[in-house]
2 protein chains.
Amino acid sequence: MKMKNLLVASCLWLSFTAVAVAQKVASPNGEVQMQFELLEDGTPAYSLFYKGQPVIETSKLGLILKNDEHNLINSFEVIEREESDFEETWEPVWGEESEILNKYNELAVVLNQKPTDRQMIIRFRVFNDGLGFRYEFPQQQNLGHFIIEEERTQFAMTGDHTAFWIPGDYDTQEYDYIESRLSEIRGKMEGSITDNLSQTSFSDTGVQTSLLMKTDEGLYINLHEAALVDYSAMHLELDDENMVFESWLTPDVTGNKVYMIAPGKTPWRTIIVSDDARDILASRMTYNLNEPVAIDDTSWIKPMKYVGVWWEMITGKSSWHYTNDFAAVKLGETDFENATPNDTHGATTENVKRYIDFAAKHGFDGVLVEGWNIGWEDWFGNSKDYVFDFMTPYPDFDLKEIRDYAKSKGVEMVMHHETSSSVRNYERHMDSAYQFMKDHGYNAVKSGYVGDILPRGENHYSQWLVNHYQYAIEKAADYEIMVNAHEAVRPTGVARTWPNLIANESARGTEYQAFGGSKPNHVTVLPFTRLIGGPMDYTPGIFEMDISKANPENDSWVNSTLANQLALYVTMYSPLQMAADFPENYERFPDAFQFIKDVGMDWEESVYLEAEPGDYITIARKEKGTEKWFVGNVNGETPRTSKISFDFLEPGQKYIATIYSDAKDAHYKKNPQAYNIRKVVVTSKSDLKQWSASGGGYAISIVPAEKKETKGLKKL
Amino acid sequence: MKMKNLLVASCLWLSFTAVAVAQKVASPNGEVQMQFELLEDGTPAYSLFYKGQPVIETSKLGLILKNDEHNLINSFEVIEREESDFEETWEPVWGEESEILNKYNELAVVLNQKPTDRQMIIRFRVFNDGLGFRYEFPQQQNLGHFIIEEERTQFAMTGDHTAFWIPGDYDTQEYDYIESRLSEIRGKMEGSITDNLSQTSFSDTGVQTSLLMKTDEGLYINLHEAALVDYSAMHLELDDENMVFESWLTPDVTGNKVYMIAPGKTPWRTIIVSDDARDILASRMTYNLNEPVAIDDTSWIKPMKYVGVWWEMITGKSSWHYTNDFAAVKLGETDFENATPNDTHGATTENVKRYIDFAAKHGFDGVLVEGWNIGWEDWFGNSKDYVFDFMTPYPDFDLKEIRDYAKSKGVEMVMHHETSSSVRNYERHMDSAYQFMKDHGYNAVKSGYVGDILPRGENHYSQWLVNHYQYAIEKAADYEIMVNAHEAVRPTGVARTWPNLIANESARGTEYQAFGGSKPNHVTVLPFTRLIGGPMDYTPGIFEMDISKANPENDSWVNSTLANQLALYVTMYSPLQMAADFPENYERFPDAFQFIKDVGMDWEESVYLEAEPGDYITIARKEKGTEKWFVGNVNGETPRTSKISFDFLEPGQKYIATIYSDAKDAHYKKNPQAYNIRKVVVTSKSDLKQWSASGGGYAISIVPAEKKETKGLKKL
């Protein structure tokens, strides 16, 4: 009977409408300030300030509804304001630190639209690191089901900022970032749209979130969303005359954006802001705006370091599919047992065992295998409904033998569910596929959504699909399965609630280094953008940058030095980390490989030492449950000397630091495998000046040491 | 390796191309003759003859493919002809007779499209009752995945026949039949399209199958399809200058008709033909063209006679929903426990028990209850995704108490799954909903697909949905559940393969008698059209024709006499039969109600005594496992005297026939409840002349009798 209570309460609240319409709410430390107001025609609006400087100028709020003359745009009156404050500390199941502070001041503005007698609440939460707000629709008689034709949430910029953006797209996020002024987006749009197996762009000034900007005054601003659940993903459409962004939701096949029910709520729209770029990386606002964990027993959710039969197929050295006999495959009818093997199939029992041996030898937790199950002969580009059954292996993949072999070696197999975006088919098989995993000892699944969506005409980021990804996560939780979803919608902190969503790809990952390459500074942008919403299965660790060595027909180049690849294990936070290269490439560089073996996966504490988007990021992290620290630095195109202090270390304690750095002549393109490794003694008083090459970086492992262990080692 | 075999075989077959292109195949009795030919440009074509008369004039065959310049239309050569004959007798799990003869002569024409080197087979089966043919696409290198933009199968009529048609529509079949010349279809189309909660018409000359026609020469022709599996439903588009029908498939949301894979095949296109209308009713060709039963143990599939809490809601006497408190419902959030009951809810524990008592007292097998589960407050018209969970009862429906009460009374509860056409939601809940049924003793489900389809933009009869209905049937079979699917695609004999598809509505059922009424002769058409594909849950047995007595706000009238309602249990064959009216209405007419209690449900033999579409149907059926016979006669608008012989009875045996007929002054509108009941003695030598009123009919139960039992009874 919420509705009735609201109506009763409304009467009481009416007495408050006489108060001044504009209202300010400051963050707990006072540095971030939000102002809410109703414009003359009853349009709600807000603005945002950081240390007194405007961040967001007066920006309108509202929603266009389908077949509704009044919409939810204007003619509102404030019937109640509820102010409150909140503070909690919560412990993530995995993360960049063991405890997260969630502290904010809140303002909930209860609005009544006079001509329709409909209520809408806009709830603002002001944190020290920014603002989150959302629309809420309480249960009421005059608003039940409604269709959102467009959300009209504005973010009015104060100037022609520098932005790190990718093109708005309903189906892919796998673009290289463009760094440009806002006014330059229109001119650069066409050139920024590179080919993808499924893509739908919608505007010359439409960009994706999370979007990072830098103002000429040195403010860093990140726009994104939090808790995207049963709603469509938000893009930002720029009015580049006025520098005003407006929300642009992903439509469904009929052009509608969201099907809404009151009671209901939108995701949070988020603005993270600071004058120090490191604060953007340290922000936990996106997680804090999500609901607390919904899984009672999370003991089965564990960070994993893994290798896999994957880079072989990505480079074109081997194939996912087993045979070239068939122009089309019909599962259950096509006879694979008697088909001619193509001799390029990667997921053979023999090859998988080689990876298992390698994983066991070097202490990896898991082995991923792609292309193990029938159906890869015609798996994409055919709008195929029943494309995979997620259970039937190819004749040359002996599932039970592999399962038993892995078990005997203490290695866990990682399942792969490519859906080919045929999501009805995946949902139909989901229970049996998850049960199959549990029956065979798989506890984690990498899922994929390559190609155009089925149901046909739907988009990867529409409400229908957002709902599907969530369904997959929640059902996996029922089976105690961890999910690493590729090509799914980019994360929005939902892993706080569902920590079995252990990673997403949902951005341009390492695979693009074998598809023509990514920009050398790509990894200096991702932590400011894509990683704001959750961890990325970036699959780093490529040691051989010349892809033609794997496949003479592929002239791609990995635009990174080897030392940069090591640093990614620290800078690209994820509880799931792959060592993506071939075993034979790691065996060529065992000393460097040692860092990948050593690096932690789950963190007690993270210290953001240096950061400038597009240029460099340096992070130190303390491994959970140990006294070990790991440092990573990734560098952009311009060579640079990083200067860091070790004051994060325990005072008085000596540590041995192993520094994996670019050699003097290293260069991502010309000499990527030139690295140095040195061991030194460090304490909390040590400083480091370390040069990083173009597209380079460094990684450090820091281990507490007894005095005798440091003997013969230089002090830093 | 089918493909390779085909290629090898092709070489051998090439030697046959010199034979004459036209080829005739006759039915086993020689009366039906099909001729296949290749036209000059290599277009395949066929024609059909009955007793030497043309039925189908030369008609082209082929398919338009998407983005394919050659299509599969012409440039074919015949590379092989395979002729064969077939005969089997099979025993249906339920049906109009205990044994069905499947006997035909077959011609498979293997075609090669020269410019593309692609193979297509057209397979013709010529039965004594007509022709079935389909397209087949063997596995091959040059044809894998393809999209059918339109199927171009022609049915060229020999003249301007009289047709019994309903408007072509992608979303509903619930129209009253129009009887008109083919040339009149265009002029009558607009007026024939009555309102429906979901409907999409496409053409002024587009009609649905199964379509019945009568030629001026007295031939009856039925056009339909058989074995509609993973394909879209076929309509017929009329070229009314040339009287040529062409197949018009139901599109998906993007406009595509079918996504096809080679190896693959289309449904059968069927032409049933005879100069005796009774042969159309007796035809089993549609079943014969389906695959044999796919369920190993069918012992759990049983015909059922049931009553239910249903007509109350249809008439508007009571409601499906429980409360008027909410403008919208969110399952899992909306608090029904504390909501205000609306006092019109039909599915209360008390009311259901009343039906259980009634069912037990009168020997019914089951009780259906609609509106028992939460969600009916906003169940249609809202494009609502999570509309029902199929498991949570309203607070006033005590599922366990009802379950135990029904069990104690020896009555089975029939489950109801209204999906509101939100088929993703239904599929997500299907396993748990079916398991819930088994846990609570439900063995049959009535499912419904009211309103527009979700995934949005899809159509009720597109491939996506046809695939869904089939999925639901097969999954139900896994749980040993019988399915009675309403608003699903009209059946095409699939129940031969999946006899747990015990009925469909999928046409204008009795409910329309409470939605303004159906034509009095509707039931004299349905057996010639809708029932060709399988049984209909027509829900007959309405004794009170004046709907305003149930609901003063509803002035609908049931256009039928009471005797006609009784006859429907014989003439509208279904292994699932409802006695749809209220218990109190049956209690007013206990003598007439006796027929509904007595009438058989499953048949050893059926004899089609009289038939003329739109005018009358008279059928005698022998109950399986007994010596009882039941006769039904339904009459159209014109009063008529039916003349039948009882020569189907066992010679020498005396029977007592109880004849339920229209009284002299009966009339569907003016005096529908005027009936007579008389008992007479009949033998195989008896004849009956029985008058039926306008919209009337008669029913007879015939029970073998000892001499003493016939004492005092007149001979017929």
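So you know, we letter chains A, B, ... as the sequences are listed, proteins then strands, and number each from 1.
Electrostatic pairing of A:K257 and A:E149 does not count as a salt bridge here, judged by no charged N lying under 4.0 Å from a carboxylate O. In this structure, A:E427 pairs ionically with B:R428, as a charged nitrogen and a carboxylate oxygen lie closer than 4.0 Å.
Residue contact with chain A, scored on non-hydrogen atoms closer than 4.5 Å, involves the backbone and the side chain of B:D378 alike. A:V423 does not touch chain B: none of its heavy atoms, backbone or side chain, sits under 4.5 Å away. Proximity to chain A (any heavy atom under 4.5 Å) is shown, for B:I147, by neither the backbone nor the side chain. For A:D385, the part lying near chain B is the side chain, with the backbone staying farther off; criterion is any non-hydrogen pair under 4.5 Å.
Aromatic ring centres of B:Y426 and B:F390 lie closer together than 6.0 Å.
Neither side chain, A:E458 nor A:Y170, offers a donor N or O lying under 3.5 Å from an acceptor on the other.
For the pair A:V466/A:V229, no side-chain contact is recorded, criterion being any heavy-atom separation below 4.5 Å from C-beta on.
Per-residue heavy-atom pair counts under 4.5 Å with chain A were compared for B:A328, B:G144, B:G264, B:S383, and the maximum is reached by B:A328.
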